[in-house]
2 protein chains.
Amino acid sequence: MLFIHMVERNDTDHLSTVLKATSDPKRRSILTLLAQEGPLRITDIAARFDISLNAVSKHIKVLEAAGLVTRRTEWREHLIEVQMGPLSLVDQWFNELRSIWALRLDALEAALKEDDND
Amino acid sequence: MLFIHMVERNDTDHLSTVLKATSDPKRRSILTLLAQEGPLRITDIAARFDISLNAVSKHIKVLEAAGLVTRRTEWREHLIEVQMGPLSLVDQWFNELRSIWALRLDALEAALKEDDND
DNA sequence: CACTCATTCACCCCAATGGTTGACTGACCA
DNA sequence: TGGTCAGTCAACCATTGGGGTGAATGAGTG
């Protein structure tokens, strides 16, 4: 089983991890870079940003834990690839929140209409 | 001008703030509560969760800074109301990332087809 | 003016985060 | 086997973050 480190206790935790991972501008830049250039090595990523190799390595680990990135160790290099999957977890939660909110407004509106009839 | 504290230096910062604000499970719970029950006082919110009034006050400030919540000081109470607006900022960024990614895949596919013709 | 209630402020605590440097592992090359 | 390159580990530092307590503010109410 690959991606063991990506498994989370529950969805709430995973959602938190994804949101936190994307909340850092540098990590978002990394994701964008990977999206446009395809799989890259840690070293390549470090070269683009004014950041130490070590710092990039840590960022990648955070993204990896969120499942936003996977690692393909090929040859002696680690190829890092972006993954869009986890984003839908966020979409899902947002839409849930929005629908809960809309539901309440609908009920409120209905109640007001009811009031009109009195 | 209302919502001065909500104004951010730039969109990137605002996006980070929104993502960070939503990355905390307790804050997400607060947002959900507000979505289903409508505007509530800080005290009301604190009563639902096993958390001090002070902690809630801090969370609200974080959500407020992200624009995910607004405060209507009515009477002697602060009514906190959820705002869906900032969520679309995240949607937007996600969709941008996805389209950058898709674009690269399309180009790759085209290149492969080109290769077939040789 | 005194009292109460809602919220914030000022600190303190501790855990986590982003960053650094320097040493280490592991794979390939000569 | 010695060298070089990719990446991680370990230790450290400064900052932030979530939480708590107790005092202060500020707007009603009596």
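Convention: sequence-line order gives letters A, B, ...; per-chain numbering from 1.
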Indicate whether OP1 or OP2 belonging to [N] is found under 4.0 Å from a side-chain N or O atom of [X].
| X | N | value |
| --- | --- | --- |
| B/Ser57 | C/dT8 | yes |
| B/Ser52 | D/dG20 | yes |
| A/Lys61 | C/dT17 | no |
| B/Thr43 | C/dT7 | yes |
| A/His59 | C/dG19 | yes |

Whether over 12 other heavy atoms sit under 6.0 Å from B/Asp50 CG: no
Over 12 non-hydrogen atoms of neighbours within 6.0 angstrom of CH2 in A/Trp101: no
First of B/Ile42 and A/Leu53 reached from the 5' end of DNA chain C, by closest nucleotide: B/Ile42
Under 3.5 Å donor-acceptor, A/His78 side chain and A/Arg72 backbone: no
I need the [atom1]-[atom2] distance between [X] and [N], as an integer number of Å.
| X | N | atom1 | atom2 | value |
| --- | --- | --- | --- | --- |
| A/Ile51 | C/dT17 | CD1 | P | 16 Å |
| B/His78 | D/dA27 | NE2 | C1' | 9 Å |
| B/Ile45 | C/dT8 | CD1 | P | 10 Å |
| B/Arg41 | C/dT4 | CZ | C1' | 13 Å |
| B/Asn54 | D/dG19 | CG | P | 11 Å |
| A/Arg27 | C/dG19 | CZ | P | 8 Å |
| B/Asp44 | C/dA6 | CG | C1' | 11 Å |
| B/Phe49 | D/dG19 | CZ | P | 11 Å |

B/Asp50 or A/Leu79, whichever maps to the more 5' nucleotide of DNA chain D: A/Leu79
Partners passing side chain to side chain donor-acceptor pair (under 3.5 Å) against B/Ser16 (at least two apart in sequence or in another chain): A/Arg28
Touch class at under 4.0 angstrom, heavy-atom based, for B/Lys58 against every strand present: base
Nearest-neighbour nucleotide for the B/Ala55 side chain, D/dG20, D/dT8, C/dT20 considered: D/dG20
Candidate list B/Leu34, B/Ile51, B/Leu53, test side chain to side chain contact (heavy atoms under 4.5 Å, CB included), partner B/Ile45, passing option: B/Leu34
